[in-house]
Amino acid sequence: MSGETARWWKEAVVYQIYPRSFMDSNGDGIGDLNGIADRLDYLQRLGVDVLWICPMYRSPNDDNGYDISDYQAIMTEFGSMADFDRLLAETHARGMRLILDLVVNHTSDEHPWFIESRSSKSSAKRDWYIWRDGKNGAEPNNWESIFNGSAWKYHPGSEQYFLHLFSERQPDLNWENPEVRAALYDMMRWWLDKGIDGFRIDAICHMKKQPGLSDLPNPQGLRHVPSFERHLNYPGLLDYVDDMCRQVFNRYDIMTVGEMNGASAEQGEDWVGERHGRLNMIFQFEHVKLWETGHRRSPGAGLDVMGLKHIFTRWQTLLEGKGWNALYVENHDIPRVVSAWGDDGRYWRESATAIAALYFLMQGTPFIYQGQELGMTNTRFAGLNDFDDVAARNRAAQLRERGMDEAQILAFLSRSGRDNARTPMQWSDGPHAGFSRAQPWFAVNPNYRTINAARQLDEADSVFNFYRALIRLRKATPALVYGRYQLQLAEHPHIYAYTRSLNDQRWLVLCNLSAQELQVDPHRLALARWRPRLGNYPQGGEPQRLRPFEARVYRA
Ligand code: GLC
Ligand code: CA
């Protein structure tokens with residue numbers, strides 16, 4: 001047997017929904033909860049069984065719902081609490097589960113807690129947020145916010161600065177204060193008692209601040225110093241996590257997944273090691289950072305497959321038998337993977353499906369971000385005004401200040417911007433891609449006429465049907481859920497190959513991540529012993545020849 005204990009959330013496949021862009025049911029151009037309910041058939045056909053909905057709480061929408069003004073109410077544009085209750089009931093009636101985004105590092109500046117906190121220095125809730133006096137007529141320290149500019153904002157009325165690691169409309173809560181934690185735990189229990197099935201915990205890595213809030217070294221004399229590393233996974237953070245798990249999470253049969261930028265594979269066990277009883281899984285960021293920093297090492301060099309192997313294999317092996325991985329290649333904060341890692345032109349279908357096979361059959365719970373199952377691509381931005389994201393707008397202002405010209409900024413943000421993942425779902429080739437009867441809040445990707453769900457449902461070899469086949473195969477195969485992962489052909493620069501084994505069952509996943517045809521040494525993998533079970537090309541090619549972005553799954 002494997003060393004892994006069986007759990008429902010290990011066997012699940014999660015589908016992430018960005019509600020604003022998923023489906024508009026009432027013709028105002030904005031996705032909503034009833035729109036999600038309308039598409040449960042589609043999701044069931046795909047075969048996913050857990051839905052994660054990005055924030056749908058009451059919010060002024062400075063950061064599309066990640067700035068919450070009421071944790072126990074629904075964003076007006078998304079519907080009502082009755083709509084939510086119905087969606088939850090319908091999801092459960094279909095044997096699926098629903099998890100919510102838990103945003104508790106910060107609130108909106110319109111949250112009543114913050115309004116009370118800022119009312120005066122002596123407010124009973126002053127200490128619920130992080131207020132400091134200025135230093136020599138300037139900010140309390142030199143930290144830069146993750147969304148650029150100072151991490152501090154002055155409030156003239158109460159004559160102090162408050163800390164905001166994200167936008168200035170997202171003041172950070174003070175987790176040191178036990179009253180804050182108690183209020184947040186009450187809110188979490190309220191949702192769990194309603195029957196939701198878990199949480200994705202937003203920005204959990206930032207909840208502990210360095211106690212002195214001291215200046216960062218500034219050798220380059222910057223106006224504000226990127227402060228990310230300073231408040232990422234700061235010692236003491238796990239105490240908060242333990243407290244939250246003891247007081248809330250561990251009292252329910254739920255799934256928890258923390259957004260844990262900054263955790264190395266060596267630290268993974270601290271977070272998800274089953275002996276600690278903390279979170280079930282975390283989203284680690286190492287493969288995403290690889291993409292940001294060097295996935296195209298030089299023009300034409302292609303994806304850094306060796307880098308990916310190194311990162312994924314460390315997580316797979318260091319957690320084996322100890323804790324569980326969350327597997328993902330897309331979300332609402334990063335560009336589309338087929339554009340970033342694959343080839344969204346000539347080998348669009350092949351690369352979208354090869355990347356799917358690559359990550360989906362590792363050990364862990366796979367997450368699919370809406371549209372990923374259709375191979376949705378990055379979009380086209382004609383100018384800087386086309387960006388909606390607060391992070392992109394702030395970044396553009398910063399780069400302009402540093403003297404970068406508009407064309408360069410546009411090129412940079414077009415490649416890296418989060419808005420790429422936030423264009424409306426491409427349901428059909430009809431008006432507005434079938435997302436809405438009205439002009440959508442954000443422009444649809446012009447390629448919806450060729451890339452859309454209606455078309456892919458019918459096409460046997462579509463990206464959608466490949467994901468569907470992967471999900472079915474995983475559901476039917478314990479070895480692909482619980483089996484041991486082992487990297488194969490470790491030194492090959494373009495082929496990512498691994499086996500999964502459980503008892504006497506063995507599986508092999510073989511992916512060519514390049515646009516070239518490649519030969520595999522048939523003896524190295526003993527290919528003659530393997531029987532093909534799934535692939536993204538018609539069968540019948542020579543076993544030792546891998547076509548561009550060809551992926552095959554074999555059984556021993
Ligand atoms: C997380 C979310 C992101 C949001 C940020 C602030 O990183 O995924 O979308 O902007 O936290 O809440
Ligand atoms: Ca709507």
Side-chain angles (χ1 to χ4, degrees), residues 16-39 52-57 59-69 71 74-80 83 87 100-109 111 145-148 151 163-173 199-207 228 231-233 257-262 282-285 288-289 292 326 328 330-335 367 369 388-395 417-422 424-425 432 434-442:
Q16 181 192 351
I17 293 176
Y18 196 68
R20 202 169 189 78
S21 298
F22 188 64
M23 182 65 207
D24 172 23
S25 71
N26 64 347
D28 64 355
I30 298 173
D32 45 54
L33 297 180
N34 288 336
I36 300 174
D38 287 347
R39 296 294 150 148
W52 150 28
I53 309 189
C54 286
M56 74 304 147
Y57 313 92
S59 162
N61 268 310
D62 182 54
D63 184 20
N64 285 350
Y66 282 92
D67 48 318
I68 297 171
S69 55
Y71 287 104
I74 300 295
M75 192 186 304
T76 323
E77 294 160 323
F78 289 176
S80 63
D83 295 333
L87 174 62
L100 297 185
D101 219 306
L102 183 64
V103 188
V104 287
N105 173 70
H106 45 267
T107 66
S108 160
D109 62 348
H111 195 292
S145 131
I146 294 165
F147 288 171
N148 307 121
L163 180 73
H164 63 89
L165 295 183
F166 293 91
S167 99
E168 60 182 47
R169 304 211 44 202
Q170 293 169 302
D172 282 57
L173 283 161
F199 288 118
R200 173 261 189 189
I201 306 122
D202 184 68
I204 193 169
C205 45
H206 300 298
M207 281 170 9
F228 205 65
H231 44 70
L232 203 61
N233 199 2
V257 47
E259 188 199 20
M260 197 45 225
N261 197 346
I282 52 174
F283 292 127
Q284 58 85 13
F285 273 59
V288 174
K289 287 188 178 162
E292 280 170 353
Y328 76 101
E330 281 198 18
N331 63 36
H332 63 295
D333 291 331
I334 48 181
F367 287 68
Y369 176 64
D388 169 78
D389 177 17
V390 58
R393 285 184 277 116
N394 290 354
R395 185 87 171 132
R418 307 196 293 181
D419 281 326
N420 279 304
R422 301 177 179 185
M425 258 301 267
H432 312 304
F435 162 75
S436 173
R437 302 194 291 278
Q439 188 62 40
W441 72 277
F442 193 51

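Numbering of residues begins at 1 and proceeds along the displayed sequence. These numbers come from a predicted model, not from an experiment. In listed order, ligands and their atoms are each counted from 1.
Protein-derived N/O/S atoms nearer than 3.0 Å to the Ca ion (ligand 2) total 5, waters excluded.
Taken from CE in Met75 to CZ in Arg20, the straight-line distance is 6.0 Å, to the nearest 0.5 Å.
Note: Trp52 and Phe283 meet the aromatic proximity criterion, with ring centroids under 6.0 Å apart.
In the model, Glu77 has a side-chain atom that pairs as donor or acceptor with a side-chain atom of Asn61 under 3.5 Å. Side-chain polar atoms of Asp63 and Ser167 form no donor-acceptor pair below 3.5 angstrom.
Partners of Phe78 according to the ring pair (Phe, Tyr, Trp, His ring centres under 6.0 Å) rule, which considers only residues two or more places apart in sequence or in another chain, do not exist here. By the salt bridge (Lys or Arg N to Asp or Glu O under 4.0 Å) test, Asp333 is found to be paired with Arg418, Arg422, residues two or more places apart in sequence or in another chain being considered.
Put simply, the side chain of Phe285 reaches to within 4.5 Å of the side chain of Glu259, judged on heavy atoms.
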| request: In sequence, state the C-alpha distance, the side-chain angles, and the governing distance for Tyr66 and Asp101, and then conclude on side chain to side chain contact (heavy atoms under 4.5 Å, CB included). | output: CA-CA 9 Å; Tyr66 282 92; Asp101 219 306; 2.7 Å; yes
| request: Decide yes or no on side chain to side chain contact (heavy atoms under 4.5 Å, CB included) for Ile74 and Asp83, but give the supporting numbers first. | output: CA-CA 9 Å; Ile74 300 295; Asp83 295 333; over 6 Å; no
Distances only, to 0.1 Å: what are the N or O pairs between ligand 1 and the protein that fall under 3.5 Å?
residue: ligand 1; atom: 7 (O); partner: Glu259; partner atom: OE1; Å: 3.2
residue: ligand 1; atom: 7 (O); partner: Glu259; partner atom: OE2; Å: 2.9
residue: ligand 1; atom: 8 (O); partner: Arg200; partner atom: NH2; Å: 3.0
residue: ligand 1; atom: 8 (O); partner: His332; partner atom: NE2; Å: 2.9
residue: ligand 1; atom: 8 (O); partner: Asp333; partner atom: OD2; Å: 2.5
residue: ligand 1; atom: 9 (O); partner: His332; partner atom: NE2; Å: 2.9
residue: ligand 1; atom: 9 (O); partner: Asp333; partner atom: OD1; Å: 2.7
residue: ligand 1; atom: 9 (O); partner: Asp333; partner atom: OD2; Å: 3.4
residue: ligand 1; atom: 9 (O); partner: Arg418; partner atom: NH1; Å: 3.3
residue: ligand 1; atom: 10 (O); partner: Asp63; partner atom: OD1; Å: 3.4
residue: ligand 1; atom: 10 (O); partner: Asp63; partner atom: OD2; Å: 2.5
residue: ligand 1; atom: 10 (O); partner: Arg418; partner atom: NH1; Å: 3.0
residue: ligand 1; atom: 11 (O); partner: Asp202; partner atom: OD1; Å: 2.9
residue: ligand 1; atom: 11 (O); partner: Asp202; partner atom: OD2; Å: 3.2
residue: ligand 1; atom: 12 (O); partner: His106; partner atom: NE2; Å: 2.9
residue: ligand 1; atom: 12 (O); partner: Asp202; partner atom: OD2; Å: 2.9

